[in-house]
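Along the sequence shown, residues carry numbers from 1.
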Amino acid sequence: MAVVDVAFVGFGWFAELLATRVFDDVPELRVVAVVERSEQRRRRAEELGLVAAESMDDLPADCKAVIILTPHDTHRELVVAAAARGLHVFCEKAFAVTSADCLVMIKACRDADVVLSVGHMQKLFPTHARAVELAASGKYGPVHAMQVSGLHWCPVMPGWWRTTESCGGLLYWTGIHDLDTLRAITRSEVASVYAVAGPKTEDYTDYEDSIAVTMRYESGAIATMLVAEHDPLRTFEESFQISVLLEKGSIQVDPATGEVRHAARSGLERRSEPVTESFGSFEGLEEHAYREEFQAFAGAVLDGRRDYTTAEDGLRCVETLEAIYRSLETGRVEAVTEHPIGSD
C-alpha cells in the first residue's frame, strides 16, 4: 500500500489524540514528525517515536504533507509556508478567522499544485451523513427549517481559545461544525443572518458566553442555532442535536444516542410511524469521521487529485461567521458575502 508521510504542525492535546487514537486506523498516512515550538511538547512527541522539529525547514525529506493544528489566526502563515515548500496541507477548522485569509490559502495551494483539505468532519459522522442522504433523496421533499440545540458543558480551554483575536469567537470553535452540516443538509448557501448574544457573565473570555442565530438560506429554508458552553446539565457529546423539518416529513439527529429518527406526513396526517436508525456510540461516530476525512486527504495526495471541496466548505463557514459577528455588532440582519473560489 502506498503511504503518505506527514507531520503535525502543532502538537497539543488534539494532535496527540489523533496520533494515539485515530491514525492506527488510517494506514494511508504515517505520522513521522511534528513541528512544535514548545520544548515540553517536542519531548512528548519524541516519547511517541516522532521526529521533533522547531520549523518546517527541519522536517525529514520524506515528509510530503502537513496537518495544521494551531490557533486559527496562525493558519494563513503556516499554510502558505507549507505550500511554498511543496507540502500538501490538511488544515483543522476553523479554516481562519477571516475569509480573506481563507482565499489567500486556497490561492497559495492552487498555485503550488498541492492538496488543501479543511477538517470539517461532523457531516461524516454516520448519523449526520444519513441525515444528509435522507434530505438529498427527496423522500421527504425540500428542507424548510432546521434547528440546532447547542447548550453544553465545555468551558473554554486556556490560552488562545479565549481571545477573539486568535480564536474568532464562540462559534469559531463550538457550533462551527453544525453550520457546515446544515449547509450539507439543505444543499444551499446562507443568504442572511441575524444574531444576538446573551448576558456576559464569565470573564475568562473576551467574547460572548451564549449566542442565538437565525439564518435564511438561498433556497428559502430557515435555521436557528442556540449555543453556550457552560450548561452543567449536558456534556458536549449530549448536545448539538439537529432537527430538520421538510415539506413532507422530518429528520432528527442525536449524536449522544447515535440515532437518526425520521417520519413522513401527508397534510395533517402522519403517513407512517417514525423510523429509528442506530449507528453506535458517539466515540465510534467520531472516530469513523476522523478516519473518513484523513483517508480522503491521503487519497487526494496519492491519486494526484486537487479537489478543493473541503476548503470551499471551510470558506463558506467563515463567510457565514463573519456575517454573524457583523450582526452582533450592528443589531441588524446581515447578508453573507460569498467569494468565488480563486478570487483575490
Side-chain angles (χ1 to χ4, degrees), residues 71-73 76 93-103 120 122 143-156 160-186 188-231 234 236 239-245 313-340 343:
H72 304 158
D73 65 330
R76 172 176 172 165
K93 62 84 191 156
F95 194 11
V97 175
T98 70
S99 57
D101 281 356
C102 296
L103 293 167
H120 281 285
Q122 186 193 73
V143 174
H144 284 187
M146 301 176 289
Q147 182 181 55
V148 175
S149 176
L151 301 181
H152 64 291
W153 182 253
C154 187
V156 188
W160 67 270
W161 297 90
R162 299 185 177 186
T163 70
T164 302
E165 181 179 4
S166 293
C167 171
L170 182 65
L171 288 183
Y172 276 83
W173 69 268
T174 188
I176 185 171
H177 277 308
D178 299 275
L179 290 176
D180 181 59
T181 299
L182 295 182
R183 177 173 174 262
I185 289 173
T186 196
S188 179
E189 304 297 350
V190 180
S192 62
V193 302
Y194 177 68
V196 293
K200 180 68 176 170
T201 59
E202 308 299 329
D203 62 4
Y204 67 99
T205 69
D206 67 3
Y207 50 76
E208 69 282 0
D209 295 334
S210 59
I211 186 169
V213 181
T214 300
M215 294 170 281
R216 181 174 293 281
Y217 289 78
E218 293 174 356
S219 66
I222 58 172
T224 63
M225 291 180 60
L226 175 60
V227 177
E229 45 72 39
H230 50 274
D231 176 354
R234 289 187 288 187
F236 177 83
S239 190
F240 291 101
Q241 294 85 6
I242 297 177
S243 299
V244 185
L245 178 66
D313 294 343
L315 169 64
R316 299 298 172 232
C317 283
V318 172
E319 290 168 342
T320 301
L321 288 169
E322 287 179 320
I324 287 169
Y325 283 91
R326 284 198 304 273
S327 180
L328 278 187
E329 291 180 1
T330 66
R332 298 191 299 265
V333 173
E334 292 287 341
V336 176
T337 302
E338 184 176 323
H339 303 83
S343 67

Note, [X] side chain near [Y] side chain (heavy atom, < 4.5 Å):
| X | Y | value |
| --- | --- | --- |
| Pro155 | Trp161 | no |
| Met225 | Ile211 | no |
| Val227 | Leu151 | no |
| Phe95 | Asp101 | no |
| Ile185 | Met146 | yes |
| Val148 | Phe240 | yes |
| Val193 | Thr214 | no |

Is it the case that the side chain of [X] and the backbone of [Y] share a donor-acceptor pair, with hydrogens and angles ignored and the cut-off at 3.5 Å?
| X | Y | value |
| --- | --- | --- |
| Asp209 | Thr201 | yes |
| Thr181 | His177 | yes |
| Arg316 | His339 | yes |
| Lys93 | Tyr172 | no |
| Thr186 | Ser188 | no |

Shortest non-hydrogen contact between [X] and [Y], atoms and distance:
| X | Y | answer |
| --- | --- | --- |
| Ser166 | Val97 | O-CG2, 3.9 Å |
| Asp231 | Trp153 | O-CB, 3.2 Å |
| Val333 | Tyr194 | N-CD1, 3.9 Å |

| field | With His144 via ring-ring contact (aromatic ring centres under 6.0 Å, His included) - residues at least two apart | value |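 ring-ring contact (aromatic ring centres under 6.0 Å, His included) check on His144 returns nothing, list empty.
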Please determine, by modelled atom types, if [X] and [Y] share a side-chain donor-acceptor pair under 3.5 angstrom.
| X | Y | result |
| --- | --- | --- |
| Gln122 | Asp180 | no |
| Asp206 | Thr163 | no |
| His230 | Glu202 | no |

| note | Sorted by chain and number, sequence neighbours left out, salt bridge (charged side-chain N to carboxylate O under 4.0 Å, His left out) with Asp313 holds for Lys123, Arg183
| request: Kindly write out the residues that satisfy side chain to side chain contact (heavy atoms under 4.5 Å, CB included) with Ser210, not counting sequence neighbours, or none if the list is empty. | output: Ala228
| said: For a side-chain contact (heavy atoms from CB on, under 4.5 Å) check, start with the C-alpha distance between Leu182 and Met215, then their side-chain angles and the critical distance, and finish with the verdict. | reply: CA-CA 10 Å; Leu182 295 182; Met215 294 170 281; 4.0 Å; yes
| query | Does the gap between the ring centers of His72 and Trp160 come in under 6.0 Å? | reply |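 Ring centroids of His72 and Trp160 are less than 6.0 Å from each other.
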| Which pairs with one or both residues in residues 218-229 pass side chain to side chain donor-acceptor pair (under 3.5 Å), sequence neighbours excluded? |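 Only Tyr204-Glu229 qualify under side chain to side chain donor-acceptor pair (under 3.5 Å).
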Anything under 3.5 Å between a donor and an acceptor, one on a side chain of residues 321-328, the other on a protein residue two or more places apart or in another chain? List them.
from: Glu322; atom 1: OE1; to: Ser99; atom 2: OG; distance (Å): 2.8
from: Glu322; atom 1: OE2; to: Ser99; atom 2: N; distance (Å): 2.9
from: Glu322; atom 1: OE2; to: Ser99; atom 2: OG; distance (Å): 3.3
from: Tyr325; atom 1: OH; to: Leu170; atom 2: N; distance (Å): 3.2
from: Tyr325; atom 1: OH; to: Leu171; atom 2: N; distance (Å): 3.1
from: Tyr325; atom 1: OH; to: Glu208; atom 2: OE2; distance (Å): 2.4
from: Arg326; atom 1: NH2; to: Ala335; atom 2: O; distance (Å): 2.7
from: Ser327; atom 1: OG; to: Ala195; atom 2: N; distance (Å): 2.9
from: Ser327; atom 1: OG; to: Arg332; atom 2: O; distance (Å): 2.7

| field | Residues, nucleotides or ligands: over 12 heavy atoms within 6.0 Å of Glu189 CD | value | yes
| field | Results of side chain to side chain donor-acceptor pair (under 3.5 Å) for Ser239 - residues two or more places apart only | value | none
